[in-house]
Amino acid sequence: MIYAMLLLAGKGERANNGQYKQYIKIKDKELFLYSLDEFCSNENIDKIVLVCNKDHLEYVKTITKKYSKIDSVIEGGTTRNLSVHNGLLKIAKNHDCDYILIHDGARPLISKKIINDNINSVKKFDSVATFIEIYDSIIEKNNDDTIGHYLKREKIVKIQTPQCFKFDIILKAHQNIDLGELNKYTDDAGLVMSFGYKIHLIRGDIKNFKITTENDLDILKKILE
Ligand code: CTP
Ligand code: MG
């Protein structure tokens with residue numbers, strides 16, 4: 001079975017608009033429902049686990065009641081990696097997960113192509129992350145706001161979610177890491193890679209950006225208009 005895990009347990013502090021960004025209504029639909037709808041309509045995804053803040057468990061269960069693929073809504077942790085950790089341990093209890101696709105609930109514009117490319121690749125390569133090219137110059141900046149030096153742009157890309165793994169590989173990584181060490185990793189691929197696995201990359205899309213600031217919310221509204 002292929003599971004998708006949608007992460008919703010963040011506080012959205014950088015969006016700074018007094019609301020949890022994942023639950024803001026955009027065109028009459030909560031932000032996280034955009035990616036949830038993509039998962040539900042995708043025939044390659046069998047089950048979905050939602051991970052959210054303890055205080056939002058009932059709310060999330062209520063607004064997602066009609067989604068039959070949802071296996072469970074579970075409590076997240078204080079950091080993103082701990083939220084993933086809790087989700088993986090919950091899924092492990094079902095004993096039926098072969099592959100897991102992990103996605104930020106704050107990236108509403110995931111596409112069918114990105115999901116399918118992740119799933120097709122994970123069956124071949126076991127560990128997959130999504131990337132996009134960078135078109136700007138990339139520099140290292142000095143503290144005095146001058147340019148330190150230019151980095152070689154051809155080799156630098158940005159990593160997005162989804163990231164997709166053979167379930168046993170990422171579960172073992174989480175079972176074998178000291179939880180205090182988890183925050184060294186900024187994403188799931190980084191953690192899995194630290195256990196010696198190669199991460200295959202598939203191309204994402206600039207539209208699959210992460211809503212981080214208030215400005216991102218304005219851009220999202222314009223795209224959806
Ligand atoms: N996330 C999570 N559990 C956490 C922290 C983050 O499930 N303890 C989720 C967020 O809900 C989001 C994704 O991980 O979908 C990416 O995190 P980020 O963009 O940093 O969102 P927030 O942590 O909510 O935002 P901020 O860092 O600005 O507070
Ligand atoms: Mg965060």
Side-chain angles (χ1 to χ4, degrees), residues 3-26 29-40 45 48-61 63-64 67 70-91 100-111 114-115 118 129-132 158-165 170-171 173-174 177 179-192 204-221:
Y3 276 66
M5 186 194 300
L6 191 60
L7 295 168
L8 305 170
K11 292 197 170 130
E13 280 165 344
R14 287 168 291 178
N16 194 29
N17 74 343
Q19 281 186 79
Y20 287 85
K21 59 188 180 185
Q22 59 274 41
Y23 304 130
I24 289 174
K25 263 199 176 167
I26 301 192
K29 182 159 128 179
E30 286 76 3
L31 193 146
F32 80 100
L33 293 182
Y34 286 88
S35 33
L36 184 59
D37 279 336
E38 276 301 329
F39 291 163
C40 287
I45 291 176
I48 300 165
V49 168
L50 304 176
V51 183
C52 70
N53 188 293
K54 188 179 175 192
D55 299 337
H56 301 143
L57 286 169
E58 286 316 310
Y59 162 74
V60 171
K61 279 180 193 164
I63 61 171
T64 59
Y67 292 84
I70 293 180
D71 172 79
S72 44
V73 181
I74 71 151
E75 185 180 333
T78 48
T79 65
R80 184 187 182 283
N81 289 341
L82 284 171
S83 293
V84 172
H85 187 84
N86 291 359
L88 293 173
L89 295 190
K90 168 71 189 69
I91 293 169
I100 172 93
L101 177 141
I102 303 175
H103 188 55
D104 293 330
R107 290 183 193 271
L109 300 183
I110 191 175
S111 65
I114 294 177
I115 295 172
N118 263 270
T130 305
F131 80 95
I132 56 166
K158 291 207 279 190
I159 296 295
Q160 302 184 324
T161 71
Q163 300 185 356
C164 209
F165 306 91
I170 189 161
L171 179 67
H174 274 263
I177 190 141
L179 285 190
E181 296 274 284
L182 258 187
N183 284 333
K184 286 207 311 215
Y185 304 98
T186 55
D187 65 3
D188 312 299
L191 170 64
V192 168
D205 192 318
I206 195 165
K207 283 206 205 92
N208 180 38
F209 67 109
K210 184 155 66 82
I211 306 299
T212 305
T213 63
E214 212 162 2
N215 189 42
D216 295 329
L217 277 166
D218 291 338
I219 294 170
L220 176 66
K221 283 177 195 156

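Read the numbers this way: they start at 1 and go in the same order the structure lists the ligands and their atoms. The figures here come from the full heavy-atom set of this structure, side chains too, leaving out hydrogens, waters and symmetry mates.
Across Ser111 and Glu38, no two heavy atoms sit closer than the pair C-OE1, 4.2 Å. The two atoms that bring Leu109 and Lys207 nearest to each other are CB-O, 3.2 Å, heavy atoms only. For the pair Leu6 and Phe32, the tightest heavy-atom approach, listed with the atom from each and the gap, is CD2-O, 3.8 Å.
Contact analysis puts Thr78 in contact with ligand 1, with a non-hydrogen atom separation below 4.0 angstrom. Contact between Arg107 and ligand 1 is absent, with no heavy atom of the residue lying under 4.0 Å from the ligand.
For ligand 1, one of its N or O atoms has an N or O atom of Ala106 under 3.5 Å away. Residue Thr79 places at least one N or O, backbone or side chain, under 3.5 Å from an N or O of ligand 1. Geometrically, ligand 1 and Ala15 share no nitrogen or oxygen pair separated by less than 3.5 Å.
The 12-atom threshold is exceeded at NZ of Lys61, counting heavy atoms of other residues, nucleotides or ligands nearer than 6.0 Å. Other residues, nucleotides and ligands contribute at most 12 non-hydrogen atoms within 6.0 Å of the CD1 atom of Ile206.
Judged purely by atom type and a 3.5 angstrom limit, Thr130 uses its side chain to pair as donor or acceptor with the backbone of Pro162. Remark: side-chain polar atoms of Gln160 are paired, donor with acceptor, to backbone N or O of Asp205 under 3.5 angstrom. For the pair Thr79 (side chain) and Leu82 (backbone), a donor-acceptor distance under 3.5 Å is present.
Nearest protein heavy-atom neighbour of atom 27 (O) of ligand 1: Arg14 NH2, 2.9 Å. The protein heavy atom nearest to atom 7 (O) of ligand 1 is Ala9 N, 3.0 Å. The nearest protein atom to atom 19 (O) of ligand 1, hydrogens excluded, is given as Lys210 NZ, 2.7 Å; this is a heavy-atom distance. Looking only at protein heavy atoms, the nearest one to atom 11 (O) of ligand 1 is Gly10 N, 2.9 Å. When hydrogens are left out, the protein atom nearest atom 24 (O) of ligand 1 is Gly12 N, 2.8 Å; that is the closest non-hydrogen contact. With hydrogens left out, the protein atom closest to atom 21 (O) of ligand 1 is Lys21 NZ, 3.1 Å, a heavy atom. Counting only heavy atoms of the protein, atom 13 (C) of ligand 1 lies nearest to Asp104 OD1, 3.4 Å. Annotation: atom 15 (O) of ligand 1 to nearest protein heavy atom, Leu7 O, 2.9 Å.
Close contacts between ligand 1 and Gly105 involve ligand atoms 15 (O) [criterion: under 4.0 Å to a heavy atom]. When each atom of ligand 1 is checked for a heavy atom of Ser83 under 4.0 Å away, the hits are 2 (C), 3 (N), 4 (C), 7 (O), 8 (N).
Within the set Gln22, Lys11, Met5, Glu13, the minimum heavy-atom distance to atom 29 (O) of ligand 1 is found for Glu13.
Classified by interplanar angle (parallel below 30°, tilted 30° to 60°, perpendicular above 60°), the ring pair Tyr59/His56 is perpendicular.
Both tests pass for Lys29 against the ring of Tyr34: distance under 6.0 Å to the centre and angle within 45° of the axis.
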